Peer 1: 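Sharing a structure, written as structure tokens. Questions coming.
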Protein chains: 2
Amino acid sequence: MADRPPYLVIASAIRARIASGELAPGDRVPSTRALTREWGVAMATATKALATLRQEGLVRPEPGVGTVVVRQSAHGSGPAASALSRERIVRAALDIAIAEGLPGLTMRRVATALSTSTMALYRHVPGKGELVRLMTDVACGEVPLGPVPADWRTGLERAAHWLRDVYTRHRWMAQAMASFTRPIASPNAMAYTEWVLKVLRGTRLGPGDKLHVHLMIFAFVQGIAMAADLEEQAKQDSGISDDEWMSQNESRFDAIAGPGDLPLLHTLAAEGDFELDLDSLFAFGLRRTLDGIAALIDETSA
Amino acid sequence: MADRPPYLVIASAIRARIASGELAPGDRVPSTRALTREWGVAMATATKALATLRQEGLVRPEPGVGTVVVRQSAHGSGPAASALSRERIVRAALDIAIAEGLPGLTMRRVATALSTSTMALYRHVPGKGELVRLMTDVACGEVPLGPVPADWRTGLERAAHWLRDVYTRHRWMAQAMASFTRPIASPNAMAYTEWVLKVLRGTRLGPGDKLHVHLMIFAFVQGIAMAADLEEQAKQDSGISDDEWMSQNESRFDAIAGPGDLPLLHTLAAEGDFELDLDSLFAFGLRRTLDGIAALIDETSA
DNA sequence: ACCTGAACACCGTTCAAGT
DNA sequence: ACCTGAACACCGTTCAAGT
């Protein structure tokens, strides 16, 4: 007992306070910062403790509030457990994937969230692969694309933002990747492709180039989405943010990227007075991409 | 026995012919097409049978030749098994990942390839995560980038092709994604970033924009790489190619994308007279991307 | 008709025990 | 010093058995 890893000891302590009712559903559990003070541990350890509880479904991060205790509706006398359905399964799976990414999505976990046995899921869904496919389709169907603008540039801009928003709401999708070469994968993803093609209707681009334009934007957004998901995953795994990680490893960074080896990168890191987040990268890249496409469209119609 | 899945029956039959020596190392095993005729099964089944044998390391696809029997050096009197080392482990892991993608890479599989126990690996490598990181670094270090050209456009073009080539040789990297926000991940990946920054030295872009240019190209290539890996994975899993898949599912495609629902996409699919492969998408996208960056550089220096 | 427990064939990794 | 077997805590999925 004495030798258990500190993060487990901390997690147990909080778990006990929840079980005893001292911390009720909706209450905030101590923040990571509070835990570092209270237990004299590093941020990484405190975050890992909370991550453990979140993994168990006991607590949930509430943006702008902190980490709060989850209502234990499953075993209590909550709303009568409705009948299992494909829709409810997909919904539960989406909630898990949104919160914890695709690695956190397991059939057992979905079953637990719906308080059934794992195997009951297989009555409504042939397997995990198909479940992810269904999730993708739902994710692409959440927000309508709206009417197609007359101007191709406005249209492509809107399309790219729509896609980026889907990936932002569903960062797990970066790993799943909505298939655009295999249409059956998702009718809603296909509807997006159709929308983009409609946007380009007025241009004189050939059919192949229209598809290229669509896929080029898609690849770019997908690449950014992967970076975002990886970052978030690393953050959740290690419990340290990118910034913290950077400063923690500055010495190691210097070791491989001393002024001698990678001078430009080193200067860039040392200055660090520019914004480097994925949102601004998206804005930057989209602008250049559209400029490049504009050049093609201009020369095509000339 | 009679009820075993056909692909396992076929695999066993071939396995027996290898064991008996009828098929010696280097010999071609029957092609998938030959198997479909011989056993009266679908292509998917034949491919799955061969995939099973490849999984076991018994056979190996030899490009331009067919599937050939692998020399069983491990148990035979082959070259004396050299001592385990981090380098040999990374090399073996790379071979597996290249052949079968990241899902096929397991610690047990690496150990088997090196004829040791799984746990012996942990003496040289702290875990799978670090192994993949080391693999990424090796992959990025295989081909030198060469001298930095004076012209930024030539430089970026070369950089993008270099990156694309890395991903082509190592399609598994699409899933691992070389981290460019976390430099420690790979010195060789960092060297690439440095190279790109050097390419942009002559331009008047700000430090943030230089990084944006680099990451924009990276995201695009990464997105294409993911598509390529997914396609290959699906091909290996199901044993059917994209074309075959498309024609098999044409009716299903028509169902969701009849002329009424997705008319443009439908027309595109019906015509199909354009090239849609990832290489041409890469060429197209790179051209537009560089045009867009040119527009920015022009206005910046004006 | 619907659900489930036990089991299978896997994972990555820990740990105590071997040589 | 180096390697290993057994075990742990997981996966997705099959299947026979329950209600």
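In what follows, chains are A, B, ... by sequence order, proteins preceding strands, each numbered from 1. Predicted model, so just to flag it, every value in this text is computed and none were measured.
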Peer 1: CH2 of A:Trp172 to CD of A:Glu232: how many Å apart, nearest 0.5 Å?
Peer 2: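 A:Trp172 CH2 to A:Glu232 CD: 15.5 Å, rounded to 0.5 Å.
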Peer 1: Check the distance between C:dC2's P and A:His124's NE2 and give it to me in whole angstrom.
Peer 2: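 Value for this atom pair: 7 Å.
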Peer 1: Distance check needed: C:dC11 P versus B:Leu131 CG, whole Å only.
Peer 2: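 Value for this atom pair: 15 Å.
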Peer 1: In whole angstrom, give the distance that lies between atom CD1 of B:Ile96 and atom P of C:dC11.
Peer 2: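 Spelled out: CD1 on B:Ile96 to P on C:dC11 is 11 Å.
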Peer 1: Closer to the 5' end of DNA chain C via nearest nucleotide, is it A:Ser117 or B:Arg123?
Peer 2: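 Its nucleotide being nearer the 5' end, the pick is A:Ser117.
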Peer 1: Just call it for A:Met119: base, sugar-phosphate, or nothing, with non-hydrogen atoms closer than 4.0 Å on any strand.
Peer 2: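 Base, at least one base heavy atom under 4.0 Å.
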Peer 1: Just how far, in rounded Å, is P of C:dC11 from CG of B:Leu121?
Peer 2: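 About 13 Å, once rounded to whole Å.
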Peer 1: Calculate, to the nearest 0.5 Å, the distance between atoms OG1 and CG belonging to A:Thr136 and A:Asn188 respectively.
Peer 2: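 Rounded to the nearest 0.5 Å, the OG1-CG separation comes out at 10.5 Å.
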Peer 1: Return the value, rounded to whole Å, for the distance between atom CD1 of A:Ile89 and atom P of D:dG12.
Peer 2: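 About 14 Å, once rounded to whole Å.
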Peer 1: For Watson-Crick and G-U wobble pairs within 3.5 Å on both distances, what is DNA chain D written in dot-bracket notation, | included for inter-strand pairing?
Peer 2: ||.|||||...|||||.||
Peer 1: In Å and rounded to the nearest 0.5 Å, what is the CD1 to NE2 distance from B:Ile98 to B:His170?
Peer 2: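 Result: 4.5 Å between the selected atoms.
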Peer 1: Distance check needed: C:dC8 P versus A:Arg108 CZ, whole Å only.
Peer 2: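 Value for this atom pair: 14 Å.
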Peer 1: Would you say the side-chain atoms of A:Glu100 pair up with the backbone N or O of A:Leu105, donor to acceptor, closer than 3.5 Å?
Peer 2: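 It does not hold such a pair.
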Peer 1: Rounded to the nearest 0.5 Å, what's the gap from CG on B:Leu102 to CG on B:Asp229? Could you check?
Peer 2: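 It is 8.0 Å, given to the nearest 0.5 Å.
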Peer 1: Below 4.5 Å, heavy atoms only, C-beta onward: do A:Glu142 and A:Val166 meet side chain to side chain?
Peer 2: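 Counting from C-beta outward, A:Glu142 and A:Val166 never come under 4.5 Å.
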Peer 1: Rounding to an integer number of Å, can you tell me how far B:Glu100 CD sits from C:dC10 P?
Peer 2: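 Going from CD in B:Glu100 over to P in C:dC10 covers 14 Å.
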Peer 1: Kindly point out which of C:dT13, C:dT4, D:dT13 is positioned nearest to the side chain of A:Ala120?
Peer 2: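 Selected nucleotide (nearest to the side chain): C:dT4.
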Peer 1: Atom OH of B:Tyr122 to atom P of C:dA17: distance rounded to whole Å?
Peer 2: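 Rounded to the whole Å, the gap is 21 Å.
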Peer 1: Between B:Arg133 and B:Asp137, does at least one N-O distance fall below 4.0 Å, as a salt bridge requires?
Peer 2: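 No, no charged N to carboxylate O under 4.0 Å.
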